[in-house]
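Because the structure is predicted, anything quoted here is derived from the model rather than measured.
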Number of protein chains: 2
Amino acid sequence: MDFTTARRLNQLLTSVYGDILRVEELALRKSQFKDISIKEVHAIDAISMYEHKTTSQVARELRITPGTLTTMVNHLVRKDYVMRLRSDDDRRFVRLGLTRRGRLIYRAHESFHRHMVESFAGDMNDEQLHFIEKALLNLQAFLEFADPTAKK
Amino acid sequence: MDFTTARRLNQLLTSVYGDILRVEELALRKSQFKDISIKEVHAIDAISMYEHKTTSQVARELRITPGTLTTMVNHLVRKDYVMRLRSDDDRRFVRLGLTRRGRLIYRAHESFHRHMVESFAGDMNDEQLHFIEKALLNLQAFLEFADPTAKK
DNA sequence: TGCTATTATTTTGATATTGGAACTATTTGA
DNA sequence: TCAAATAGTTCCAATATCAAAATAATAGCA
């Protein structure tokens, strides 16, 4: 790959990268959900709608310590986005779930991402999509090589 | 675009996205530059090697307030990565530059990014590269539409 | 020339995020 | 039965950040 192309591509990746979080944050400020940060939304996203994961499970997914998640969940419970459900089979576990309000924002965030992917790849044909996916998998492999704990 | 493909692509983008910073941080911990965070490296990157930008210029690029940059620069000066150079023509301005050590890390970071882009697009032909660039520009346009201040 | 407004940066005070260590509650297993 | 292990929480310290006030320098105008 030609040097200036590599440079241009890198700049493009970097600027896109930097903008995503900021745009998400901004969208929140303009929405009906003004009392929540993008990190909290990502916690809600990890907690997810269809199963009740435990605290450590979610913390591991978000790559934060359980202590940090506890305080996030405290805030999210106070703001009525998240519920704590004690497991009955093993009462050490706390299972997390979304309230009605939490489910609303979960769907809004999902929709933002769907639009983002559409803007990126909406008009591609199957072959092109496959090609993109391949490139991203290469990038993922590079990152996993640099840090083996990145594997899911 | 098919629903499950969109989903898969989104997950891929999200996981790659989340891993980049973490891998960069990890690479630092294992390098000779243990006293510096990834945010500080990005500040060094913005300060850059070949011109002496002012504090506000760099702060604007990094999208942080000048006050925040001042404290970052204080740390980076103390750790011998960055120099403050007072402009002689207008003594209100502070111009920023890299020390020998700062230039070292600048190049290391540049190299990390080059490898990352290579892993992503190293074996593509011109047509494919053009296609990728187009897709990224679409994504950028989407983000700029969502937040007009994203424009450079 | 001598103020006054403007501009660039720094300082200060407050808030938020995070990790790590100590602690509590519960379960497991010898 | 009780010591060890496990899940979660609490508490403390470190860091990052912003907004507003303070400081320093310059520009422009009467």
Side-chain angles (χ1 to χ4, degrees), chain A residues 18 21-22 24-26 28-29 33-47 51-79 81-97 149, chain B residues 18 21-22 24-26 28-29 33-47 51-79 81-97 149:
Chain A
L21 281 189
R22 210 169 32 74
E24 286 193 289
E25 185 80 49
L26 195 97
L28 285 173
R29 292 295 142 268
F33 305 106
K34 298 192 202 312
D35 61 344
I36 197 168
S37 75
I38 187 59
K39 299 204 173 189
E40 289 175 319
V41 172
H42 285 151
I44 285 173
D45 189 65
I47 289 169
E51 45 181 332
H52 291 145
K53 302 179 190 168
T54 68
T55 299
S56 344
Q57 228 176 325
V58 172
R60 216 174 308 123
E61 253 180 67
L62 293 170
R63 293 166 184 283
I64 58 179
T65 62
T68 300
L69 186 57
T70 292
T71 69
M72 279 182 100
V73 168
N74 287 342
H75 293 149
L76 289 171
V77 167
R78 202 177 312 133
K79 292 189 278 194
Y81 290 103
V82 168
M83 296 179 299
R84 281 193 169 94
L85 310 157
R86 210 85 206 188
S87 290
D88 274 335
D89 49 322
D90 185 335
R91 296 181 39 70
R92 285 172 302 184
F93 289 92
V94 169
R95 300 193 169 271
L96 301 173
T149 70
Chain B
L21 281 188
R22 210 168 31 75
E24 284 192 289
E25 185 79 50
L26 195 97
L28 285 173
R29 291 296 142 266
F33 305 105
K34 298 191 202 310
D35 61 344
I36 197 169
S37 74
I38 187 60
K39 298 204 173 188
E40 288 175 319
V41 172
H42 287 149
I44 286 173
D45 188 65
I47 288 168
E51 48 182 329
H52 290 146
K53 303 178 190 171
T54 68
T55 298
S56 346
Q57 228 175 324
V58 173
R60 217 174 307 121
E61 254 181 68
L62 292 171
R63 293 167 183 282
I64 57 179
T65 61
T68 300
L69 186 57
T70 291
T71 69
M72 277 182 101
V73 168
N74 287 343
H75 294 147
L76 290 171
V77 167
R78 203 176 313 135
K79 292 189 280 194
Y81 290 103
V82 168
M83 296 179 299
R84 280 194 169 91
L85 311 158
R86 209 87 205 186
S87 292
D88 275 334
D89 50 323
D90 185 336
R91 296 181 38 72
R92 285 172 301 183
F93 289 92
V94 170
R95 298 192 170 273
L96 300 173
T149 70

Taking the side chain as C-beta and beyond, is there a heavy-atom pair between L28(B) and K34(B) under 4.5 Å?
-> no
Going by number, which of residues 35-44 of chain B have a non-hydrogen atom under 4.0 Å from DNA chain C?
-> none
Close side-chain approach of T55(B) and V73(B), heavy atoms under 4.5 Å | no
Round to a whole Å and report the spacing from CG of L96(A) to C1' of dT9(D).
-> 13 Å
Does the side chain of E61(B) reach to within under 4.5 Å of the side chain of L69(B), using non-hydrogen atoms?
-> no
Rounded off to whole Å, could you give me the CZ-to-P distance for the R95(B) and dA8(C) pair?
-> 11 Å
Who passes side-chain contact (heavy atoms from CB on, under 4.5 Å) against R78(B), sequence neighbours left out?
-> N74(B), H75(B)
Using atom CG of N74(A) as one end and atom C1' of dA16(C) as the other, report the distance to the nearest whole Å.
-> 14 Å
Send over the distance from F93(A) CZ to dT9(D) P, rounded to a whole Å.
-> 12 Å
Measure the distance from CZ on R29(A) to P on dC18(D) and round it to the nearest whole Å.
-> 13 Å
Sugar-phosphate only, base, or nothing, as touched by T55(B) at under 4.0 Å among non-hydrogen atoms | sugar-phosphate
Within a strict 4.5 Å, meaning less than it, do heavy atoms of the I44(A) and M72(A) side chains meet?
-> no
Identify, with sequence neighbours excluded, every residue that meets side-chain contact (heavy atoms from CB on, under 4.5 Å) alongside R92(B).
-> D90(B)
Specify the separation, in whole Å, of atom CZ of R78(B) and atom P of dT15(D).
-> 10 Å
Between the protein and nucleotides 2-4 of chain C, list the N/O to N/O atom pairs that are separated by less than 3.5 angstrom.
none

Heavy-atom check, side chain of R86(B) versus side chain of V94(B), under 4.5 Å = yes
Check for a donor-acceptor pair, side chain of K79(A) on one end and backbone N or O of I36(A) on the other, with a separation under 3.5 Å.
-> no
4.5 Å side-chain heavy-atom contact, L62(B) and T68(B) = no
Rounded to the Å, how far apart are K79(A) NZ and dA16(C) P?
-> 9 Å
What's the CG-C1' distance between L21(A) and dT17(D), to the nearest Å?
-> 15 Å
In terms of heavy-atom contacts, A43(B) and L76(B) come closest through CB-CD1, 4.2 Å
Letter per nucleotide, 5' to 3', of nucleotides 19-28 of chain C [B base touched, S only sugar-phosphate touched, - untouched; heavy atoms, 4.0 Å] = B------BS-
side-chain contact (heavy atoms from CB on, under 4.5 Å) with S87(A): which residues, sequence neighbours excluded?
-> D89(A), F93(A), R95(A)
